[in-house]
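In this chain, residues are counted from 1 in sequence order.
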Amino acid sequence: MNSIIHLKAPVVSVEWLHNNLNAANLVVLDGTINKDFNQVKEQIPNARYFDIKNKFSDVSNEFPSAFPSKEQFQKEARLLGINTNSAIVVYDDKGIYSSARVWWLFKAFGFNNVSVLNGGFPTWKCAGLKTETVKPYSGDLGNFEANLHPEFMTFFNDVKTASKEKTHKIIDARSANRFNCLVDEPRIGLRSGTIPNSKNIPFKNILDEEGLLKPKDALKTIFSEVINENDDVIFSCGSGITACVLALGAEISGYKNISVYDGSWTEWGSLVKE
C-alpha cells in the first residue's frame, strides 16, 4: 500500500522526491512560468502544470502575476486534482524561481503541506532521474479548500505606509544593478528606481552555483545583515515572483513575520513617478 506523506520542510531534495514518487497523496506540480509546450517535452513523472500566468493570477489586473481570488485559486487547484490531504512538491525549469511563488500562494491560501524541489528540474535531470513526455492532467477533480491568510500578501497602500513610516523592512530581490538603477528594467516603459527605505538582497545571492538553496547557516547570515529576528518584513522584486524565493529562504532561516508585495516594482514604478 502506498504511504501517506506529510512534508516537514519548505524544500525537499530530488533524492527525496524520487524515493517518494509513489506516495498516495503526493502531487508534483510544474510551476515553470511562461512554459512553451512546443519546446519543452519532458517533465517529472506524473507532474501537473501549474499555470501561474493564466490560471493562478488575476488576469484582469493591469500588472503581471497578480494575486488571484480565493474562488479562482480553489477552482483551479481542484481542476488539478489537488485535495485537502495532498502533499505538494513544486518545481520549475530554472532551479528555484517561479516554484517559490507557487509555494507561497498555497501558504497564502492556508495550505502548508507544500514544499519546493531544491534545484528544480535541472537538478532532477542532472541526477539522471526518470522523466516522461509532457502531458496535461486528466484525472479526478480535487476537493481542495482555499482559506485566505491575508497577512502573507501586501499591496500598494500597505507598502506605501510601510515605506513612509518604516514599520517594516522592505527587501528587494532584484539584481543589484536593477536595484541601484545601473541598468534598465526589462519591462518596456517601466522606469528604474527603488521603493524608498528598501534594501537589496538579490534572490540569486541565496542560491549556489548549481541553483540550490545555500545551507541554512549561510542563509541566516545573509538575511541577518539586513533583517533583525523580530522585524516585520516585506519582500519585493520585479513582479512578485522572485520575492517569494527570498520568502522561502527567510522561512528556512526562522523568520516569522514575512509577506510578499504582490505588485512589486512593476506596480510601484508605474504608480509612483519619482
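- Separation of the Phe67 and Phe109 ring centroids falls under the 6.0 Å cut-off.
- Side chain of Asp30 to main chain of Arg48: no donor-acceptor pair is present (N/O by atom type, distance under 3.5 Å, no hydrogens or angles).
- A donor-acceptor pair under 3.5 Å is formed between the side chain of Asn113 and the backbone N or O of Leu7.
- Aromatic ring centroids of Phe152 and Trp104 lie under 6.0 Å apart.
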Passes salt bridge (Lys or Arg N to Asp or Glu O under 4.0 Å), Arg174 versus Asp172? Steps please. CA-CA 6 Å; Arg174 292 177 298 163; Asp172 194 320; 2.9 Å; yes
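- Checked for salt-bridge contact, Arg101 and Asp262 meet the test: a charged N lies under 4.0 Å from a carboxylate O.
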Verify side chain to side chain contact (heavy atoms under 4.5 Å, CB included) between Phe121 and Thr131, making sure each step is shown before the conclusion. CA-CA 10 Å; Phe121 195 63; Thr131 63; 3.9 Å; yes
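- Between Phe106 and Phe144, the ring-plane angle classifies as perpendicular under the 30° and 60° cut-offs.
- A salt bridge links Arg178 with Glu185: the distance from a Lys NZ or Arg NE/NH1/NH2 to an Asp or Glu carboxylate oxygen falls below 4.0 Å.
- In the hydrophobic cluster analysis, where Ile, Leu, Val, Met, Phe, Trp and Tyr join through side-chain heavy atoms closer than 4.5 angstrom, Ile52 is grouped apart from Tyr49.
- For Lys214 and Asp208, the salt-bridge test fails: no basic side-chain N is under 4.0 Å from an acidic carboxylate O.
- Atoms CG and NZ, from Asp93 and Lys125 in turn, are 12.0 Å apart once rounded to the nearest 0.5 Å.
- Inspection of the Asn177 and Ser175 side chains reveals no N or O donor paired with an N or O acceptor under 3.5 Å.
- A donor-acceptor pair is defined here as one N or O able to donate and one able to accept, closer than 3.5 Å; such a pair exists between the side chain of Thr221 and the backbone of Asp217.
- Side chain of Gln72 to backbone of Lys55: a donor-acceptor contact under 3.5 angstrom is found.
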Checking side chain to side chain contact (heavy atoms under 4.5 Å, CB included) for the pair Ser115/Val12: CA distance, chi angles, key distance, verdict? CA-CA 6 Å; Ser115 297; Val12 297; 3.9 Å; yes
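- Under the 4.5 Å side-chain heavy-atom criterion for Ile, Leu, Val, Met, Phe, Trp and Tyr, Leu26 and Trp124 are members of the same hydrophobic cluster.
- The pair Glu145-Lys70 does not count as a salt bridge, with every side-chain nitrogen at least 4.0 angstrom from each carboxylate oxygen.
- Clustering ILVMFWY residues whenever any of their side-chain heavy atoms sit less than 4.5 angstrom apart, transitively, puts Val59 in a cluster other than the one holding Phe73.
- Remark: side-chain polar atoms of Ser86 are not paired, donor with acceptor, to backbone N or O of Ile82 under 3.5 angstrom.
- The backbone N or O of Ile96 lies less than 3.5 Å from no partner atom in the side chain of Ser99, so there is not a single donor-acceptor pair.
- Side chain of Tyr91 to backbone of Lys94: no donor-acceptor contact under 3.5 angstrom is found.
- A donor-acceptor distance shorter than 3.5 angstrom exists from the side chain of Tyr255 to the backbone of Ile227, with no hydrogens or angles considered.
- Applying the salt bridge (Lys or Arg N to Asp or Glu O under 4.0 Å) test between Glu251 and each of Lys216, Lys256, Lys107 identifies Lys107 as the sole match.
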Might you work through the side chain to side chain contact (heavy atoms under 4.5 Å, CB included) test for Ser270 and Leu190, ending with a clear yes or no? CA-CA 7 Å; Ser270 299; Leu190 179 62; 3.7 Å; yes
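- Residues Tyr261 and Phe155 place their aromatic rings such that the two centres sit no closer than 6.0 Å.
- Counting only distance, with no hydrogens or angles, the side chain of Asn197 and the backbone of Ser163 share a donor-acceptor pair below 3.5 Å.
- Transitive grouping of hydrophobic side chains (ILVMFWY, heavy atoms separated by less than 4.5 Å) keeps Val90 and Leu117 in distinct clusters.
- The closest donor-acceptor contact from the side chain of Gln74 to the backbone of Ala146 lies under 3.5 Å.
- Phe50 and Phe56 have parallel rings, their planes meeting at less than 30° on a 0 to 90° scale where 60° marks the start of perpendicular.
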